[in-house]
Amino acid sequence: MRRLEKKKQMTKCKTEGSLAIEGDDVGEGQSAFAKIAAEVMASRTPADGESDGTPACCVARCPDQWVGAVRFEAGRFHCGPMGAASPDGFAWRRATDELSPEGPRRLLMILESPHIDEFGGDHQPIGPAAGATGRNIRALLYDVNVRGLQELGLSPNGEELDLVLINAIQRQTSLGHPPRRFRDSVFRRAWGCPSIGRADFQGRIAALWRADAKDIVMNCCTGAEASKTSLKRLVYDALRDLSDRNAALPPVVIACAHPCSWQRNKRNREARVIGHPARLASLGGGLHV
């Protein structure tokens with residue numbers, strides 16, 4: 001019931017009337033995304049029963065956040081005690097610039113983009129994984145079996161890592177509607193825009209991914225890894241390009257299904273290391289992309 005009321009509240013505005021959002025970066029990124037959203041919406045005729053309204057928050061930016069710590073043991077990550085400070089169950093929600101450069105290793109978990117629960121009723125961003133995705137991360141991360149880290153000598157066994165949640169695109173590519181309707185089309189269009197897409201994502205990741213600390217990147221963006229046009233593959237290719245340009249970065253990332261699917265199917269809680277065959281040899285690994 002709460003989710004239904006929230007969606008009604010958020011879908012009463014059109015994009016054209018929602019460009020000025022207090023606290024957001026009113027400028028190139030916001031305007032570019034609003035234009036993409038309007039164009040994608042205009043190109044599609046609503047089906048019976050569908051609203052053509054767009055939530056005002058669709059052009060707002062949802063920042064990446066440091067939300068607590070996880071511990072890695074026996075090939076699995078375990079969330080630490082949560083709920084002490086953040087009302088949605090994470091230990092806290094802090095800006096990534098509060099992370100210490102000399103702090104513990106980081107688990108950089110990449111999602112695709114914020115949806116309805118990531119914004120409050122006032123259309124202001126809460127943060128990544130504020131709804132079912134976050135609940136699944138806290139409840140089921142321990143059951144995600146990660147294959148390959150130990151074989152490559154990259155296993156953080158027994159270590160506590162800072163958990164950082166990152167959206168590949170920080171804007172609401174679903175436009176507040178069911179993801180199957182607009183999300184993929186908007187995401188692909190936005191991915192080519194430097195101020196909100198691939199280049200912006202690479203800049204944010206580069207600022208967080210430390211080579212010396214051997215931080216771990218976990219690509220949980222939605223989509224099939226094998227499909228060259230999937231959103232997950234777009235993100236992986238951007239990560240690979242970043243690693244190619246910085247030889248100090250580990251040539252591997254963890255591939256896993258989006259957390260929203262972890263509860264539906266146990267097979268979606270299988271994760272594996274993927275990487276560049278040419279550079280994996282230096283680590284003694286035989287894993288494949």
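Every heavy atom of this structure was used, including side-chain atoms; hydrogens, water molecules and symmetry mates were not. Please read these numbers as outputs of a predicted model, since none were measured by experiment.
For the residue pair Asn268 and Ala257, the shortest heavy atom distance occurs at O-CB, 3.5 Å. Here the closest heavy-atom approach between residue Cys193 and residue Ala32 is recorded as SG-CB, 3.7 Å. In this structure, Val253 and Leu239 approach most closely via the heavy-atom pair CG1-CD1, 4.0 Å. Residues Ala271 and Met218 share a closest heavy-atom pair of CB-CE, 4.4 Å. Minimum heavy-atom separation, Gly127 to Glu118: O-CG, 3.1 Å.
Between Trp191 and Phe201, the ring planes are tilted. Angles from 30° to 60° get that label.
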Salt bridge (charged side-chain N to carboxylate O under 4.0 Å, His left out) assessment of Asp143 paired with Arg269: CA-CA 7 Å; Asp143 201 33; Arg269 300 197 291 275; 2.8 Å; yes
Stepwise side-chain contact (heavy atoms from CB on, under 4.5 Å) check, Leu234 with Arg188: CA-CA 9 Å; Leu234 292 177; Arg188 291 190 178 96; 4.3 Å; yes
Audit row: Arg105, Asp215, salt bridge (charged side-chain N to carboxylate O under 4.0 Å, His left out) steps and yes/no: CA-CA 5 Å; Arg105 288 174 78 173; Asp215 293 332; 5.6 Å; no
Step-by-step side-chain contact (heavy atoms from CB on, under 4.5 Å) determination, His258 to Glu112: CA-CA 9 Å; His258 193 284; Glu112 81 283 336; 3.0 Å; yes
Chi angles and distances behind the side-chain contact (heavy atoms from CB on, under 4.5 Å) call for Leu242, Trp209: CA-CA 10 Å; Leu242 196 62; Trp209 192 3; 4.0 Å; yes
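Counting only distance, with no hydrogens or angles, the side chain of Lys232 and the backbone of Thr222 share no donor-acceptor pair below 3.5 Å.
With salt bridges taken as basic N to acidic carboxylate O contacts below 4.0 Å, one links Arg147 and Glu270.
Atom OG1 in Thr133 sits 9.5 Å away from atom CH2 in Trp262 (nearest 0.5 Å).
A cation-pi arrangement, defined by a distance under 6.0 Å to the six-membered ring centre and an angle within 45 degrees of its axis, is present between Arg138 and Phe90.
When only modelled atom types and interatomic distance are considered, His78 and Glu73 share no side-chain donor-acceptor pair under 3.5 Å.
Under a cut-off of 6.0 angstrom, the local environment of CG in Asp212 is sparse, with at most 12 non-hydrogen atoms contributed by other residues, nucleotides or ligands. Within 6.0 Å of CD in Gln263 there are 12 or fewer heavy atoms belonging to other residues, nucleotides or ligands. Around CZ of Arg267, the count of heavy atoms belonging to other residues, nucleotides or ligands within 6.0 Å does not exceed 12.
The shortest side-chain heavy-atom distance between Pro114 and Pro128 does not fall under the 4.5 Å cut-off. Counting heavy atoms from C-beta outward, Asn145 and Arg272 have side chains that stay 4.5 Å or more apart.
Within the structure, every pair that satisfies the salt bridge (charged side-chain N to carboxylate O under 4.0 Å, His left out) test and touches residues 189-208, not counting sequence neighbours, is listed here: Glu39-Arg189, Asp64-Arg204, Arg198-Asp241, Asp200-Arg204.
Put simply, the residue from Arg180, His115, Arg183 that forms a side-chain hydrogen bond (donor to acceptor under 3.5 Å, both in side chains) with Ser174 is His115.
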